[in-house]
Amino acid sequence: MKALILVGGYGTRLRPLTLSVPKPLVEFCNKPILLHQVEALVKAGVDHVILAVSYMSDLLEKEMKAQEQILGIKISLSHEKEPLGTGKSNAGLVFLSKLGIKISLSHEKEPLGTAGPLALARELLTDNSDPFFVLNSDVICDFPFEDMVKFHQHHGKQGTIVVTKVEEPSKYGVVVYEGESGRIHRFVEKPQVFVSNKINAGMYIFSPSVLHRIQLRPTSIEKEIFPVMAQEGHLYAMELQGFWMDIGQPKDFLTGMCMYLQSERQRSPERLRTGPGFLGNVLVDPTARIGQNCTLGPNVTIGAGVVLEDGVRIKRCTVLKGARVRSHSWLESCIIGWSCSVGQWVRMENVTVLGEDVIVNDELYLNGANVLPHKSIAESVPEPRIIM
Amino acid sequence: MLKAVILIGGPQKGTRFRPLSFEVPKPLFPVAGVPMLQHHIEACAKIPNMKEILLVGFYQPNEALSRFLSCAQQEFKIPIRYLQEYSALSTAGGIYHFRDQILSGGPEAFFIMNADVCSEFPLLEMLEFQKEHGNTHVILGTTANRKQSMNYGCIVENQDTNEVLHYVEKPSTFVSDIINCGIYLFTPEIFQHIGLVFQKNQQDLLLEEQMNGWQRAEVIRLEQDIFTALAGRGKLYVYKTDQFWSQIKSAGSAIYASRLYLNHYRKTHPERLANNEEGRPTIRGNVYIHPTANIDPTAVLGPNVSIGTGVTIGAGVRVRESIILHGATLQDHSCVLNSIVGWDSTIGKWARVEGTPSDPNPNDPYAKIDSETLFREGKLTPSITILGCNVNIPSEVIILNAIVLPHKDLNRGFKNQIIL
């Protein structure tokens, strides 16, 4: 089976992290976001993953090459024909990952929205009659890919959307569907009155015939394709069990981290660190070094090679690879970028995000600071702002 | 022989020093580890022929004051008495009221000092200067920058003779950059001038109806009523100093004054400054630690830190530009910057207590500390964080630019607020 992952966008909401690293490669709970999805896809029988990327594709290529050793993949180039004379070339790259699957890059010269990439990858997706997955690259959850296949084959129509229950549906577009069968009636964008509390979770499974509906031009799958499919009775909703989060922005990245760690506590509790100095769910890479009298957690992820000096207190944070937090500092709800250095007696809170290689001097206070890479911070930031 | 009179004010004065002044009279507040007044008394006690020190004010008799007086008398071996005004008589009214006490024994001259100034006290130099200038009255002056000078008493000086030609208290336009330090050296003749003002006041009161009950003839201000009149008559001279000097009006200025005195200790009392030693906390810059304080060796203190009696400081604590008053406890990993931590207060683990310094511009040698208003444009001006006595700060919170009144248990962090 195949899967198309819509990596597409510029990842602007996850800046400053995405200024250094393409979003799919940002580590979420110590594993690149992309890999969470790809591993789950492989388990469900996918052997070919197509990544639909836009302007970042060169960097992603480079990063994937660098990660060749880590992922154990081979990279080879294969060019595909220009479809429909629209001037959009399609540079496909084929990866052979250690997972024994193919990963291709599908490069949009201009962003094609949410449906266009399907048309672009048409040839790849239609080479057999198996259904294929389409995923939004920012989604994290307990991936239900096997269940999706079963559900989709059971109703036999063209498309299945995974939906998830949320507390505040009017912030999103909601899906109205028949409880028994799952047949979707309609979509309502940001409803003012309560209509439904289920929203589109960003994961789909389609039969190849759906591609007849999509042209190669900027297309919104939600606005243009789905409503027609729903009317024709070709669109079904499968309700997701368990946690779900769109981790495309720092605040939600941290919330998603909490949910994921909690889910790990159920599934593989041996991965989490326990004992004195560890509260709640804490994930620590084996190469990280933790000093004396530290208290970590709840909800902390510590990346590879991270050094935490004595007396550090961290809550609800992700600390990325190679960062160092010096003694007696206190961090809550932060993302510390790769190779950062946080000084002594520093206090950081309220979704402070440090880009790559940021230095924070001793004794400062950072409240909601968003710091771009390679910056040195010498003054406190008492109110949320962006530091360029 | 000589005497010294220190004007210590009373509870209604020094309200900018609240909430710290709720616990202890402002003149007894510790600056650089010892009560504010003690710096004055030490300086006076060093003068040969200093017979007696008189404190004039309108505080009711209280234990703190009495205890301080008896300790100081023992330590400095000089009689010190407190003369309580029956009512606030202002800077000249008080000394006029007690003129007999001041003049008893026949001193040739006497110093008058405001308690709320921080100074090097060049008293010997002032005595010399007085002799050289025909035994007249002397004001200690210093230089301020043009803008700030208008917050003080301004002195226009004859550069050749050092005579005070003109004096204006807090003018609204620029008059002079030489300001009044609140330290004076008078001869007994000053009382004749004050007496004249007193009589005039009495006559004025008889003439007009008493508008306000509290207005009294005895309320006489040295600055507006005496100096302004004496200026330009060959009676008043100014001795200028460029040694350190500052007013201590607000809590923020107490920290600044501490810094000045701690720095001065290098010369006068090096034994009061802590050193870096094996097994002791790390010391940066000038730090005063009372011998009864209990401090973990992994703490880092300074610059400009004073630690009071019986204070406990845990592991990995950082204190900088702050005053920690007696009995306070700072738990592990906490961080105290630009703050005053009140008596018996507790700061929880990893908590951050931080204020904003209001220091004068270090690039301007004549800049003085600003005595800012509490609010500006409806918002609390960021300033030194003050925790009153017995305040408890929970672990892991931040207290930023806040003033917390005494006996308060906080349950969360606060920023830019006064917490009643």
Side-chain angles (χ1 to χ4, degrees), chain A residues 276-280 282 290-300 307-317 319 324-334 342-352 360-369 377-385, chain B residues 281-282 284-285 295-305 313-322 330-339 347-357 359 379-385 393-402 412-417:
Chain A
F278 295 96
L279 302 174
V282 180
I290 304 177
Q292 311 266 28
N293 301 317
C294 290
T295 303
L296 305 186
N299 297 318
V300 171
V307 174
L308 305 179
E309 292 187 2
D310 297 346
V312 164
R313 175 87 182 90
I314 303 184
K315 296 200 275 206
R316 204 170 182 276
C317 294
V319 183
R324 169 183 281 261
V325 180
R326 305 202 49 217
S327 51
H328 313 298
S329 285
W330 187 92
L331 316 179
E332 181 178 39
S333 290
C334 300
V342 175
Q344 295 181 290
W345 290 288
V346 167
R347 180 184 176 98
M348 303 197 330
E349 60 185 355
N350 195 19
V351 196
T352 285
V360 180
N361 286 0
D362 296 343
E363 301 165 29
L364 297 184
Y365 170 53
L366 267 55
N367 173 22
I377 307 293
E379 272 182 4
S380 287
V381 181
E383 289 304 315
R385 66 183 179 99
Chain B
T282 305
R284 297 188 187 162
I295 309 187
D296 190 284
T298 57
V300 178
L301 309 179
N304 187 17
V305 168
I313 295 189
V317 169
R318 179 82 184 92
V319 183
R320 194 184 82 202
E321 296 285 337
S322 296
L330 274 53
Q331 294 181 351
D332 296 352
H333 317 296
S334 54
C335 186
V336 177
L337 311 174
N338 301 305
S339 300
I347 298 187
K349 291 193 190 190
W350 281 292
R352 182 181 180 100
V353 175
E354 181 179 6
T356 301
D359 288 354
K379 283 193 162 169
L380 193 60
T381 318
S383 64
I384 301 291
T385 282
I393 307 293
S395 304
E396 302 187 32
V397 301
I398 178 167
I399 306 294
L400 177 65
N401 300 334
R412 61 175 179 93
F414 286 91
K415 296 186 205 171
N416 304 304
Q417 286 183 33

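Because the structure is a prediction, the values reported are computed rather than measured.
- Of the listed residues (B:Asn401, B:Asn416, B:Val300), the greatest number of heavy-atom pairs within a distance under 4.5 Å of chain A belongs to B:Val300.
- Heavy-atom distances place the side chain of A:Asn367, and not its backbone, under 4.5 Å from chain B.
- Expressed to the nearest 0.5 Å, how far OH of A:Tyr365 lies from CG of B:Leu400 amounts to 6.5 Å.
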Does the side chain to side chain contact (heavy atoms under 4.5 Å, CB included) test come out yes or no for A:Asp362 and B:Arg318, once each step is laid out?
CA-CA 10 Å; A:Asp362 296 343; B:Arg318 179 82 184 92; over 6 Å; no
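- Close approach to chain A, defined as a heavy atom under 4.5 Å from one of its heavy atoms, is seen in B:Trp350, B:Arg352, B:Glu354 of residues 347-356 of chain B, taken by number.
- Here the closest non-hydrogen pair linking A:Glu349 and B:Ile398 is OE2-CG2, 3.7 Å.
- The line from NE2 of A:His328 to SG of B:Cys335 is 10.0 Å long, rounded to the nearest 0.5 Å.
- Formation of a donor-acceptor pair under 3.5 Å by the A:Trp345 side chain with backbone atoms of B:Val336 is not found in this model.
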Yes or no on side chain to side chain contact (heavy atoms under 4.5 Å, CB included) for A:Glu332 and B:Glu396, after CA distance, side-chain angles and deciding distance?
CA-CA 10 Å; A:Glu332 181 178 39; B:Glu396 302 187 32; over 6 Å; no
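- A distance of 13.5 Å separates NE2 of B:His333 from CH2 of A:Trp330, quoted to the nearest 0.5 Å.
- Neither the backbone nor the side chain of A:Gln292 comes within contact range of chain B; no heavy atom of the residue lies under 4.5 Å from a heavy atom of that chain.
- Proximity to chain B (any heavy atom under 4.5 Å) is restricted, for A:Ser329, to the backbone atoms N, CA, C and O.
- Atoms CG and OG1, from B:Asp332 and A:Thr295 in turn, are 10.0 Å apart once rounded to the nearest 0.5 Å.
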